[in-house]
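To start, the structure under review is shown below, and the notes come after it.
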Amino acid sequence: MKLSITAPDRRSRTLWTIAGCLILFSAIFIGAWLYGEQALMTSLDARKLPPSWLHPFGTDWLGRDMFARTLAGIRISLGVGLSAAIFSSFIALILGLAAALLGRSVDTVVTWLVDVGMATPHLVLLILISFACGGGARGVIIAVAVSHWPSLTRVIRAEVLALLSSEYVTLSRQLGKGPYWIARRHLLPHVVPQFLVGLLLLFPHAILHSAGLTFLGFGMSPHTPAIGALLADSMRYLSMGLWWLAVAPGLVLIISVKAFDILGNNVRAIMDPKTQRE
Amino acid sequence: MNKGTVVRYLFGKFARLLVLIAAVATLSFVLVSYSPIDPVDAYVGAAVLKISPEQRAVIAQRWGLDRPPVERYLKWAGHLARGDFGISTIFNQPVLAVIGSRFVTSFWLMALAWSISGLLGFGLGLTAGAMEDSLVDRGIRFYAYTMASTPTFWMGMVMLMFFSIYLGWTPVGGAWPLGLSGAQATLGQRLHHLLLPAATLSLIGVAQIALHTREKTIEAVRSDYALFARAQGESTLGIVFQRAVRNVALPAVTLQFASLGELFGGAVLAEQVFAYPGLGRATVEAGIRGDVPLLLGIVLFSTFFVFTGNTLADIIYRLVDPRISGIRRAES
């Protein structure tokens, strides 16, 4: 009896996981805000120190604290990834709705655009667009935003098309309800959760791709040390055995990306009526 | 399936490829022509202060940059149609020659990584699916999900630090020993240099195929034929590895062919970390140093590469899966 009280059911476990991820992100942002200044402070007596209590991630070749640099870098990367993913999902929302609602010719064009958008490897497309935007943080955001919409567009289009041919929408129509009523009462409640989950699940991709693009040298200048640029910098010191320059920042990046992935999947489980009450 | 339908299928695919290439070429050209990066500046690099405006004009004229974009586009498209991709500004060679020689170097890397990740991922997926919810399954799932969140370049850096610098087992970078050319290096040396980048790509590439195979295996274990086999006394492992394996292999093979785009992207990052002189590194250099003809050429080439992968996946499905009868349903 006692066991069934202490062991949380799946729903509350999901909610706790979501809360945990949100706490992690706020910790990153607050930490970057508190320690951001330190990321730029050089101290020549404390160069190339391995991790210790004072410097949990060690220090770099200029004596900058790697923990502070990592926090600042991950904050920039998350910011870039988030804005890119939000842009991208709005493109997907508009195109997906247009394809499903505006008739056959628009649908053909959008479907074809999706095919073209998926035809070139993501990274090559990212490099091309970021080159076209002349690099910089703006270039990275635009590149990631412009290259990530096709799959979500497909999802939204398919969802709306399935809804429009569903029995209850047909019934509403026969009962004389107008298109506006149907859109508000039948489409929105279905599409909004799909859209939000799609948006959340786009974050990990967007963050990883923007980090990759910065690592390759497109985008941020050394003055805005995103995590990718930081790791690219560290490359030069690897052969000297300064392993801590790369290991800990990378792990922080993986944990944040994974947290977004877990967040997205848990939110989906909560929003999906089939798994909602499990 | 008779000869006529096969020819029609291939012709249809070819026509699609042409339309796709034309679309990608046009869109890329428009994108590139809006770039604020001046190709002449990017070309001369650090010497930008030493050259006079007249010299710049000469370079611009030689490249045809003094013409309006529409005229440049028509000229470029005309050359493309004749198979002339132009001259790479950083390598000073025809774009196709650069892509060809670089791709051969990349090909070995991608082929090795592709086969290892495919086989390993398939095996892991089968094992995880056969032992659903066991400790092994959880371990494999955890590994796959973590790899899906891991940046390829970071994985490469960790491998490089551990195996090349700490243990000293593998070379620090390149595709062959310093001071030799590609032709002079022995097969052993080439493989030695290939080992770490291929391992990096494989470790990451395993994730998707393993998770997909796991889902399919679980589906197969719950199917009617599995139930029937169990009634005859077959164990779960026997069902998976003797009966389900063929049903699960088909989607896995197609998925692996359809993932060539991811592989290409991974190769770009891995080549950057390991200083491996393949097509991926050429892409990065072209982007950073403003080599527009090469960049456009690589965009078109990689589109062709991905299209080939998808088409192969499609053809294999049609040849192997008895439920899709032949190639007849090609244009669905």
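Reminder, nothing fancy here: chain letters follow the sequence lines and each chain counts from 1. As the structure is a computational prediction, the values presented were derived from the model and not from experiment.
The heavy-atom pair separating V247(A) from W154(B) by the smallest distance is O-CZ2, 3.4 Å. For G212(A) against L269(B), the heavy-atom pair with the smallest separation is O-CD2, 3.9 Å. Residues G287(B) and F218(A) share a closest heavy-atom pair of C-CE2, 3.6 Å. Looking at every heavy atom in both residues, T120(A) comes nearest to S302(B) through CG2-OG, 3.7 Å. The shortest heavy-atom contact between G261(B) and P121(A) is O-CB, 3.6 Å. For G265(B) against L123(A), the heavy-atom pair with the smallest separation is O-CD2, 3.2 Å.
With a 4.5 angstrom heavy-atom cutoff, M157(B) touches chain A via backbone and side-chain atoms both. Contacts of L260(B) with chain A are absent, with no heavy-atom separation under 4.5 Å from either backbone or side chain. Within the 4.5 angstrom heavy-atom criterion, atoms from both the backbone and the side chain of L31(B) approach chain A. With a 4.5 Å cut-off on non-hydrogen atoms, V30(B) does not touch chain A at all. For L263(B), no part lies under 4.5 angstrom from a heavy atom of chain A. Only the side chain of L253(A) has a heavy atom closer than 4.5 Å to any heavy atom of chain B. Of the two parts of T146(B), the backbone and the side chain both hold a non-hydrogen atom closer than 4.5 Å to a non-hydrogen atom of chain A. Contact annotation for L251(A): both backbone and side-chain heavy atoms come within less than 4.5 Å of a heavy atom of chain B.
At least one side-chain heavy atom of V32(B) sits under 4.5 Å from a side-chain heavy atom of F131(A). The shortest distance between side-chain heavy atoms of F153(B) and L216(A) does not fall below 4.5 Å. Between V268(B) and I127(A) the shortest side-chain heavy-atom distance falls below 4.5 Å. Looking at V116(A) and V24(B), their side chains come closer than 4.5 Å, going by heavy atoms from C-beta outward. In this structure, I262(A) and Y145(B) have side chains that are not in contact, with every pair of non-hydrogen atoms separated by 4.5 Å or more. Counting heavy atoms from C-beta outward, I254(A) and P151(B) have side chains that approach closer than 4.5 Å.
In the displayed structure, E132(B) atom CD is contacted under 6.0 Å by more than 12 heavy atoms of other residues, nucleotides or ligands. The local environment of CD in E285(B) is crowded, with over 12 non-hydrogen atoms from other residues, nucleotides or ligands closer than 6.0 Å. Within a 6.0 Å radius of CZ in F87(A), no more than 12 heavy atoms belonging to other residues, nucleotides or ligands are found. Applying the 6.0 Å contact sphere to NE2 of H209(A) captures more than 12 heavy atoms from other residues, nucleotides or ligands. Remark: Y237(A) OH is packed, more than 12 non-hydrogen atoms of other residues, nucleotides or ligands lying under 6.0 Å away. The number of heavy-atom neighbours closer than 6.0 Å to CZ of R102(B), taken from other residues, nucleotides and ligands shown, is above 12.
Rounding to the nearest 0.5 Å places CG of D115(A) at 8.0 Å from CG of L20(B). One finds the CG atom of L208(A) at 8.0 Å from the OG1 atom of T150(B) (value rounded to the nearest 0.5 Å). Considering CG of D261(A) and OG of S149(B), their distance stands at 5.0 Å, rounded to 0.5 Å. With rounding to the nearest 0.5 angstrom, the CH2 atom of W244(A) is 11.0 Å from the CE atom of M161(B). The CG atom of L27(B) lies 8.0 Å from the CG atom of L113(A); values are rounded to the nearest 0.5 Å.
The side-chain contact (heavy atoms from CB on, under 4.5 Å) test applied to F107(B) returns F103(B), A111(B), not counting sequence neighbours.
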